[in-house]
Structure formats: C-alpha cells, structure tokens
Amino acid sequence: MAEAFFLTNTNFHMPDRTFKKLGNFIHSTLGIKMPASKKQMVESRLRKRLIELKMKSYNEYCDYLFSPDGIEEELPEFINQITTNKTDFFREPAHFDYLENHALPKLVKGLPPGRPRMIKIWCTACSRGHEPYTLAMVVNEFAAKNPRLTLNFSILGTDISPRVLKASRKAVYPHEEILPVPLALRKKYLLRSKNKKDDLVRIIPRLRKMVTVRQMNLIEKTLDIKPGIDIVFCRNVMIYFDKKTQDELLVKICSKLRSNGYLFMGHSEVIQSQNYPLIPVAPTVYIKKNDTIIGQRVMNE
Ligand SMILES: C[S@@+](CC[C@H](N)C(=O)[O-])C[C@H]1O[C@@H](n2cnc3c(N)ncnc32)[C@H](O)[C@@H]1O
C-alpha cells in the first residue's frame, strides 16, 4: 500500500522527447494521430502501466517497450491503453432503423422464398462487442419478420485491441450498459446472471454464435478479409486517423464491399463520396455503386 502510494504520487512526467517517440510509434503502428495536445492523455493512460511494472520513468517504459521483449510482451497492453474504446448498444440508433427498414429490404429484394441467402456483415472496429451484438439483434428481428425468406447472417467484428476482443467474446456486460437496448429485445436476447448481486447480463448463445471476432489492424496494406461483404460498419474509428490513412482505409473497404452493399460511418465521419465508388443514401450511410455505373464512369472519364 505504502509503495503504491509512493508510486502514484511520484512526479511522473513525460519529457517532450519521449512523447514524440511514442507518438511517432503510435502513428506508424496504429494510424492514430498524436498531436502535442494528446500528451496528457498518453501520460495518464500509461501511468497505470508504469505503476504495475514498477518503473520509475516514462523513459524506462519506452526503452522496455521498444526492446525485443517489450515488443512481444508489452505491445498488446500498450495498444489496450492507447486506444479509445467508447461504445454503446444501439449507438447512433438512426443507423439501425435505416438498416432494418431500408438496407436489409433492398438487399433481399426479389429473393425467391426458400432460396437461402447469406448476408455478410463486417464491423471494422467492434470494441467490446456492443456494435456487433446490436447488429445481431437487428438482423434477427428482420429475419423473424420475414419468415418466408431463408436468411443467414454472419457478423465479423475486428479490432486492434486484444482486451476489447476478449470482452467481445465473453459478451458479458454490466446491467447499466444494456439500458439503450429496447425492453422487448432485452427479454429476447439477454440473459441475467444467476447471481442477482452481480448485476450482469450476457448475450444469448444463438447471437454469440452469429458473431466472430478477430484482431485486425485497419492500417495494414492488405486486410485479411474476403471481398463480397454486404454491409460494413466503420464507425468512430476513422476520426483517429490522418487524412491519408482514412483515404487508404476507404479504398480498402470499398474493395471488400460488394456492388450495392452498404457502408455505415460514424456521425462525424462524412465522406467526400465523389472520391470513392460510393453514393450517399442517408446521413453517413453510403451504398457502393454497382460495377456497371463504375464502368460507365471510367469509360466517360
Ligand atoms: C471509439 S471505438 C468505436 C467502437 C464502435 N465502432 C462504436 O462506434 O461504438 C474505436 C475502436 O477502434 C479501435 N481501433 C483503433 N485503431 C485501430 C486500428 N488501427 N485498427 C483496428 N481497430 C482500431 C479501438 O481499439 C477501438 O475499440
């Protein structure tokens, strides 16, 4: 206790030089911009690690992180600390209304009854799972309202942070986090912990089975995911990237989306859609132009 007190109150101060080194590393490995205004945030997020590792300065931490052992052992923890994982169930709810009432009906339009259709959804920065499980609830509701169609859904959630991926797989949430889920859906898709005192809920196994999660760094040159995706959710992650990284990511996403597939971005992530094969259809919702339109545009240019 005495030691913890001593360490939390040590005058930890990150020299500008150390921040620059860490900032450049964060930018080149995660794509996340690190202007000088973020120094305090980095300092406070890493302070906990310094205390846990019983280190005396940010320089010592930096030397460890960049050592061969540190890159192997500490990098995942560093990523956990540096990334911002804020998320919610039914975050930006207009997107889920649009999905249920416009995008899904359009994707299955003309599908003969009984002909199975697999709809592939990719949630590019899934954080602790609230977004992919919200999607799972919405598509399940849609399937239940359209029993004549044989619909299957696969939802892939990816993220860079090992900690959030673990939480996504576990799919256990404090009760207060499920408040945005409509009551009828809570009853259908959430299980209360047996121990009432825990005040925890878990996503039902059937929905958990629909969602697969795995690690992916969106700034990698090639993203390990097959093209032909029907729906991409890429919300509240681009804001952390610089313009060039955003542009490259959008090109990669477009190459994975099928013609007439949908892209949902965060509310502050408006795209200059004319730069990509995308047409805006609702606020921060885009549809990928079908190949003939793209072909015509190329021919006319
Ligand atoms: C603010 S959360 C957004 C979560 C969710 N999409 C939402 O809108 O609620 C941003 C997520 O992006 C992830 N992230 C940051 N940089 C990334 C990268 N280079 N590749 C993949 N994921 C990244 C973070 O780990 C974090 O979980």
Side-chain angles (χ1 to χ4, degrees), residues 22-35 38 41-42 45-46 75-99 121-138 155-171 173 177-181 203 211-225 229 231-253 256 262-271 283-286:
L22 286 171
N24 288 342
F25 179 69
I26 293 166
H27 186 234
S28 64
T29 44
L30 308 178
I32 299 174
K33 293 176 285 186
M34 275 296 146
K38 294 277 162 89
M41 182 200 82
V42 173
R45 289 187 180 182
L46 294 180
L75 185 58
E77 200 47 58
F78 177 75
I79 292 172
N80 288 339
Q81 297 301 332
I82 290 303
T83 50
T84 300
N85 312 116
K86 186 193 160 6
T87 188
D88 275 315
F89 287 103
F90 286 88
R91 184 177 192 183
E92 301 174 31
H95 279 165
F96 300 101
D97 288 342
Y98 189 88
L99 179 68
I121 304 177
W122 175 28
C123 195
T124 63
C126 67
S127 190
R128 291 186 297 118
H130 301 59
E131 195 172 67
Y133 292 122
T134 301
L135 285 164
M137 291 182 213
V138 171
I155 301 172
L156 171 68
T158 59
D159 202 286
I160 185 94
S161 158
R163 181 174 58 199
V164 299
L165 292 171
K166 197 171 164 198
S168 292
R169 284 188 194 104
K170 206 166 166 202
Y173 303 97
E177 291 187 14
I178 55 119
L179 296 180
V181 180
I203 307 290
V211 174
T212 312
V213 297
R214 65 178 156 94
Q215 193 175 34
M216 186 184 287
N217 184 350
L218 294 171
I219 76 159
E220 295 286 332
K221 245 196 168 68
T222 45
L223 300 180
D224 177 21
I225 179 163
I229 306 289
I231 296 163
V232 175
F233 267 62
C234 184
R235 306 192 310 164
N236 307 305
V237 61
M238 287 256 192
I239 31 164
Y240 301 106
F241 298 158
D242 62 31
K243 179 79 190 66
K244 181 170 170 280
T245 311
Q246 290 179 353
D247 182 54
E248 287 166 356
L249 178 55
L250 280 167
V251 170
K252 287 180 280 189
I253 287 176
K256 304 295 180 185
Y262 287 84
L263 169 62
F264 292 78
M265 302 291 300
H267 70 280
S268 61
E269 299 166 314
V270 178
I271 294 175
T284 60
V285 183
Y286 303 85

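Atoms within a ligand are numbered from 1 in the order they appear, just like the ligands themselves.
- The aromatic rings of F264 and F233 lie parallel to each other, their planes meeting at an angle below 30°, with 60° marking the opposite boundary.
- Residues T245 and H27 bring no donor and acceptor atom of their side chains to less than 3.5 Å of each other.
- A donor-acceptor pair under 3.5 Å links the side-chain atoms of K256 to the main chain of L223, judged by distance alone.
- Listed by chain and number, the residues in a side-chain hydrogen bond (donor to acceptor under 3.5 Å, both in side chains) with K243 amount to none (sequence neighbours excluded).
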Tabulating one pair per line, provide the atom names and distances (0.1 Å) for every N/O atom of ligand 1 that is less than 3.5 Å from a protein N/O atom.
{"from": "ligand 1", "atom 1": "6 (N)", "to": "A125", "atom 2": "O", "distance (Å)": "2.8"}
{"from": "ligand 1", "atom 1": "6 (N)", "to": "E131", "atom 2": "OE1", "distance (Å)": "3.2"}
{"from": "ligand 1", "atom 1": "6 (N)", "to": "E131", "atom 2": "OE2", "distance (Å)": "3.4"}
{"from": "ligand 1", "atom 1": "6 (N)", "to": "R235", "atom 2": "O", "distance (Å)": "2.9"}
{"from": "ligand 1", "atom 1": "8 (O)", "to": "R91", "atom 2": "NH1", "distance (Å)": "3.2"}
{"from": "ligand 1", "atom 1": "8 (O)", "to": "R235", "atom 2": "O", "distance (Å)": "3.3"}
{"from": "ligand 1", "atom 1": "8 (O)", "to": "N236", "atom 2": "ND2", "distance (Å)": "2.8"}
{"from": "ligand 1", "atom 1": "9 (O)", "to": "T87", "atom 2": "OG1", "distance (Å)": "2.6"}
{"from": "ligand 1", "atom 1": "9 (O)", "to": "R91", "atom 2": "NH1", "distance (Å)": "2.8"}
{"from": "ligand 1", "atom 1": "19 (N)", "to": "L30", "atom 2": "O", "distance (Å)": "2.9"}
{"from": "ligand 1", "atom 1": "19 (N)", "to": "N217", "atom 2": "OD1", "distance (Å)": "2.9"}
{"from": "ligand 1", "atom 1": "20 (N)", "to": "L218", "atom 2": "N", "distance (Å)": "2.9"}
{"from": "ligand 1", "atom 1": "22 (N)", "to": "I160", "atom 2": "N", "distance (Å)": "3.3"}
{"from": "ligand 1", "atom 1": "25 (O)", "to": "N85", "atom 2": "ND2", "distance (Å)": "3.2"}
{"from": "ligand 1", "atom 1": "25 (O)", "to": "D159", "atom 2": "OD1", "distance (Å)": "2.6"}
{"from": "ligand 1", "atom 1": "27 (O)", "to": "N85", "atom 2": "ND2", "distance (Å)": "3.0"}
{"from": "ligand 1", "atom 1": "27 (O)", "to": "D159", "atom 2": "OD1", "distance (Å)": "3.4"}
{"from": "ligand 1", "atom 1": "27 (O)", "to": "D159", "atom 2": "OD2", "distance (Å)": "2.7"}

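- Evaluation of the side-chain hydrogen bond (donor to acceptor under 3.5 Å, both in side chains) rule for K244 yields E248 as partners, not counting sequence neighbours.
- Every pair tested for side-chain hydrogen bond (donor to acceptor under 3.5 Å, both in side chains) that includes a residue from residues 212-221 fails, sequence neighbours excluded, so the list is empty.
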